[in-house]
Visitor: 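Here it is, the structure, as structure tokens.
Below, each value reflects all heavy atoms present in this structure, side chains not excepted, and no hydrogens, waters or symmetry copies. Numbering of ligands and ligand atoms starts at 1, following listing order.
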Amino acid sequence: MPRLLEVDSVTLRYRTSDSVITATSKVSFDVDGSDRFVLLGPSGCGKSTILKAVGGYLTPDEGQIRIKGAEIKRPGADRMMVFQEFDQLLPWKTVLENVMFPLVVTHKLNKNEARDRAMDYVRKVHLEAFADSYTHTLSGGMKQRVAIARGMCMEPDILLMDEPFAALDALTRQQMQDELLQLWADTKFTILFVTHSIAEAIRVGNRILLLSPHPGEVKAEVSDVDRVSSEDGSAAALEREIHDLLFAQALPEHA
Ligand SMILES: Nc1ncnc2c1ncn2[C@@H]1O[C@H](COP(=O)(O)OP(=O)(O)OP(=O)(O)O)[C@@H](O)[C@H]1O
């Protein structure tokens, strides 16, 4: 039985007119159903690039990415993306219309069914009072809830989240992390979440993959985050441990 998502020794490069940039080098990891899998690493280590490749927007230069055993070759409704930017919504559509939009354009459901399903997800993110509002009237946190509802509403195999809370103030960010965990507790959907915040990785993830600076390579995986961080005071200890793993310099050979 294949894992839900297999990233197998993947190298990703960008080609510009005068150079080739290696964003990630031979990155491997597996995601299982209901995982809250976090990619954590410093700016430029290729986290967003990996997410785009899982989304089917980039093709690996080496290695392979598979979902349910099938190689990913293009974007698909089985992988929905939530981005950091607040402008990912369609400003000429209401909250409900934004959430139902992918269901309608992919013909997954007819219009009435799509409206009903979208309204369920609008309720799940507590925006029912704003269902008919246009998105420019919403706060940043509310816009991100709409984007999450829109992604979840397609009931994808995996929700790809690229620093979705990074542009929010600290309090709203914590509130959104809590709400995401509540949504997860209700539906146990699978999340692949990118962040460069260690604290956020520990709050959101049950597994955390640590990537080295540019080009990103796997440094370590922390796979028992839920158990460790639920023990008294150990979230802080785990944060220190991850910090040391991420920023440890290689020891000189004859030290
Ligand atoms: N379109 C592009 N063309 C050329 N190089 C790119 C492009 N997008 C990203 N890169 C380079 O690839 C590397 C990885 O970028 P990426 O955005 O994936 O990193 P990241 O870990 O998500 O960083 P951040 O946390 O800052 O978003 C960086 O060196 C970046 O400059």
Visitor: Can you tell me the protein heavy atom closest to atom 18 (O) of ligand 1 and the distance?
Guide: Thr49 OG1, 2.4 Å
Visitor: Are side-chain N/O atoms of Glu97 and Tyr134 paired as donor and acceptor at under 3.5 Å?
Guide: no
Visitor: Can you tell which part of Ile21 has a heavy atom less than 4.0 Å from ligand 1: side chain, backbone, both or neither?
Guide: side chain
Visitor: Give the residue and atom name of whichever protein heavy atom lies nearest to atom 14 (C) of ligand 1, and the separation in Å to one decimal.
Guide: Gly44 O, 3.4 Å
Visitor: If the test is salt bridge (charged side-chain N to carboxylate O under 4.0 Å, His left out), which one of Arg3, Arg79, Lys68 qualifies with Asp157?
Guide: Lys68
Visitor: Any idea which atoms of ligand 1 are less than 4.0 Å away from a heavy-atom of Glu163?
Guide: 25 (O)
Visitor: When you check the gap from the basic side-chain N to the acidic O, do Arg203 and Asp178 get nearer than 4.0 Å?
Guide: yes
Visitor: Starting at CZ of Phe193, measure out to CG of Leu51 and round the result to the nearest 0.5 Å.
Guide: 10.5 Å
Visitor: When clusters are formed by joining ILVMFWY residues with side-chain heavy atoms under 4.5 Å apart, either directly or through shared neighbours, do Leu183 and Val194 land in the same one?
Guide: no
Visitor: Compute the minimum heavy-atom distance from Arg15 to ligand 1 and say whether it is under 4.0 Å.
Guide: no
Visitor: Less than 4.0 Å from atom 30 (C) of ligand 1, is there any heavy atom belonging to the protein?
Guide: no
Visitor: Strictly below 4.0 Å, N to O, side chains only: are Glu62 and Arg13 in salt-bridge contact?
Guide: yes
Visitor: Do Ser28 and Val218 have side-chain heavy atoms sitting under 4.5 Å apart?
Guide: no
Visitor: In ligand 1, which numbered atoms sit nearer than 4.0 Å to a non-hydrogen atom of Pro42?
Guide: 21 (O)
Visitor: Please report which non-hydrogen protein atom sits nearest to atom 24 (P) of ligand 1, along with the residue it belongs to and the distance in Å to one decimal place.
Guide: Ser43 OG, 3.7 Å
Visitor: Looking only at non-hydrogen atoms, which of Gly46, Ala166, Ala23 approaches atom 19 (O) of ligand 1 most closely?
Guide: Gly46
Visitor: Starting from atom 27 (O) of ligand 1, what is the nearest protein heavy atom, named by residue and atom, and what distance separates them?
Guide: Ser48 OG, 3.9 Å
Visitor: For ligand 1, does Lys47 get within less than 4.0 Å through its side chain, its backbone, both, or neither, judged by non-hydrogen atoms?
Guide: both
Visitor: Leu103 versus Tyr121: any side-chain heavy-atom pair under 4.5 Å?
Guide: no
Visitor: Students should be able to answer this: which protein heavy-atom is nearest to atom 2 (C) of ligand 1, and at what distance?
Guide: Tyr14 CD2, 3.5 Å
Visitor: Ligand 1 and Lys52, any nitrogen or oxygen pair closer than 3.5 angstrom?
Guide: no
Visitor: Would you say Cys45 has any N or O atom under 3.5 Å from an N or O of ligand 1, going by distance alone?
Guide: yes
Visitor: Between Asp120 and Arg117, does any NZ, NE, NH1 or NH2 come within less than 4.0 Å of an OD or OE carboxylate oxygen?
Guide: no
Visitor: Could you walk me through whether Arg36 and Asp226 satisfy the salt bridge (charged side-chain N to carboxylate O under 4.0 Å, His left out) test, starting with their C-alpha distance in whole Å, then the side-chain angles of each, then the deciding distance to 0.1 Å, before giving a yes or no?
Guide: CA-CA 10 Å; Arg36 290 171 277 114; Asp226 281 341; 2.8 Å; yes
Visitor: Would one find an N or O of Thr16, backbone or side chain, under 3.5 Å from an N or O of ligand 1?
Guide: no
